[in-house]
Amino acid sequence: MLDNKGSFYIIDGILAILLLLVALLIVNSVFVYPNQEYSYETNDIRNAQDIMELLSGKIDFNDRTFIGDISEILKDGENSKESIDKVSKISKNKLDSYNLKNYKFCENNILKGEVLASSGNYNNAQNVSVAIRTYGDYSYSLYLW
């Protein structure tokens with residue numbers, strides 16, 4: 001008879017521990033629920049980085065990058081007005097192909113902040129995300145808002 005009481009105490013103890021664990025899991029899930037505002041902010045940052053990665057990335061070793069191509073055009077044209085206009089037209093077409101509404105793409109080092117392509121009003125921009133890549137002596141910045 002003493003053995004039966006011991007079994008009931010063990011089962012009762014296990015049920016109490018399980019009940020306590022379930023209560024802790026419920027409390028933990030309430031307080032650890034993810035906040036959507038943080039994911040929205042990181043999505044903007046990642047968006048600018050993703051676009052710039054597309055502009056500067058290669059698929060294999062035989063491919064050329066977009067940033068490499070426009071840098072070569074500027075270098076071969078010795079940063080002349082004609083080469084800047086050609087690069088501006090190419091850049092605008094490329095960025096418009098990504099269906100971006102508000103952006104500014106500029107070269108910061110050699111051309112001293114020359115805007116190569118833009119869309120939207122940068123002066124009224126809020127939540128601007130920036131990505132920067134360099135190619136040789138040229139440094140390009142992409143601003144998205």
Side-chain angles (χ1 to χ4, degrees), residues 6-145:
S7 298
F8 288 128
Y9 286 136
I10 291 173
I11 292 172
D12 189 36
I14 291 173
L15 288 175
I17 291 173
L18 286 176
L19 186 62
L20 184 62
L21 286 176
V22 168
L24 284 174
L25 288 174
I26 290 171
V27 169
N28 189 29
S29 67
V30 168
F31 289 118
V32 181
Y33 194 78
N35 189 351
Q36 297 298 327
E37 293 177 18
Y38 295 125
S39 64
Y40 176 75
E41 291 174 10
T42 57
N43 186 25
D44 288 342
I45 294 169
R46 198 175 330 136
N47 196 11
Q49 293 294 338
D50 289 344
I51 298 296
M52 189 59 101
E53 193 64 32
L54 290 173
L55 297 176
S56 62
K58 293 183 185 182
I59 295 176
D60 59 29
F61 292 111
N62 296 329
D63 287 344
R64 294 174 46 168
T65 64
F66 173 78
I67 288 181
D69 289 343
I70 63 173
S71 297
E72 291 299 319
I73 292 171
L74 289 171
K75 185 177 178 182
D76 291 344
E78 297 177 352
N79 304 319
S80 66
K81 178 78 170 137
E82 293 80 23
S83 64
I84 293 173
D85 289 342
K86 184 176 181 181
V87 166
S88 293
K89 189 178 293 184
I90 293 169
S91 299
K92 178 107 174 109
N93 290 336
K94 184 70 167 181
L95 291 170
D96 286 343
S97 72
Y98 293 131
N99 295 325
L100 301 174
K101 294 179 182 175
N102 298 311
Y103 65 86
K104 182 170 89 167
F105 183 66
C106 57
E107 198 289 323
N108 297 316
N109 191 27
I110 302 294
L111 301 179
K112 307 292 185 213
E114 178 78 27
V115 176
L116 300 174
S118 67
S119 175
N121 188 357
Y122 183 71
N123 294 331
N124 297 331
Q126 294 179 349
N127 296 327
V128 178
S129 60
V130 181
I132 299 172
R133 296 290 187 279
T134 58
Y135 187 90
D137 292 334
Y138 296 95
S139 176
Y140 299 98
S141 297
L142 176 65
Y143 301 87
L144 294 179
W145 62 93

Atom [atom1] in [X], atom [atom2] in [Y]: separation rounded to 0.5 Å?
X: E78; Y: I110; atom1: CD; atom2: CD1; answer: 12.5 Å
X: K94; Y: L54; atom1: NZ; atom2: CG; answer: 8.0 Å
X: L55; Y: D50; atom1: CG; atom2: CG; answer: 11.0 Å
X: S56; Y: I51; atom1: OG; atom2: CD1; answer: 11.0 Å
X: F105; Y: L100; atom1: CZ; atom2: CG; answer: 11.5 Å

Q: Identify, with sequence neighbours excluded, every residue that meets side-chain contact (heavy atoms from CB on, under 4.5 Å) alongside N121.
A: N123, N124

Q. Residues in salt bridge (Lys or Arg N to Asp or Glu O under 4.0 Å) with E53, at least two apart?
A. R133

Q | Partner set under salt bridge (Lys or Arg N to Asp or Glu O under 4.0 Å) for K112, not counting sequence neighbours | A | none

Q: Could you check I11 against L15 for side chain to side chain contact (heavy atoms under 4.5 Å, CB included), going step by step and ending with a plain yes or no?
A: CA-CA 6 Å; I11 292 172; L15 288 175; 4.2 Å; yes

Show the nearest heavy-atom pair for residues [X] and [Y], with the distance to one decimal.
X: T65; Y: G57; result: CG2-O, 3.6 Å
X: G113; Y: C106; result: O-CB, 4.1 Å
X: A131; Y: A48; result: CB-O, 3.5 Å

Q: Show your reasoning for whether side chain to side chain contact (heavy atoms under 4.5 Å, CB included) applies to I67 and M52.
A: CA-CA 9 Å; I67 288 181; M52 189 59 101; 3.7 Å; yes

Q. Step by step, would you call N109 with T134 a side chain to side chain contact (heavy atoms under 4.5 Å, CB included)?
A. CA-CA 9 Å; N109 191 27; T134 58; over 6 Å; no

Q: Check side-chain hydrogen bond (donor to acceptor under 3.5 Å, both in side chains) between D69 and all other residues, then give those that pass, not counting sequence neighbours.
A: R64

Q) side-chain hydrogen bond (donor to acceptor under 3.5 Å, both in side chains) with S118: which residues, sequence neighbours excluded? A) none

Q. Which residue pairs pass the side chain to side chain donor-acceptor pair (under 3.5 Å) test when at least one of the two sits in residues 136-145, sequence neighbours left out?
A. S71-Y140, N79-Y138, N108-S141

Hey, does [Y] have a side-chain heavy atom less than 4.5 Å from the side chain of [X]?
X: Y103; Y: K92; value: yes
X: S88; Y: L116; value: yes
X: L142; Y: L95; value: yes
X: I70; Y: Y135; value: no
X: I26; Y: V22; value: yes

Q) Taking the side chain from S119 and the backbone from K101, do they hold a donor-acceptor pair closer than 3.5 Å? A) yes

(Q) Between D85 and K89, does any NZ, NE, NH1 or NH2 come within less than 4.0 Å of an OD or OE carboxylate oxygen? (A) no

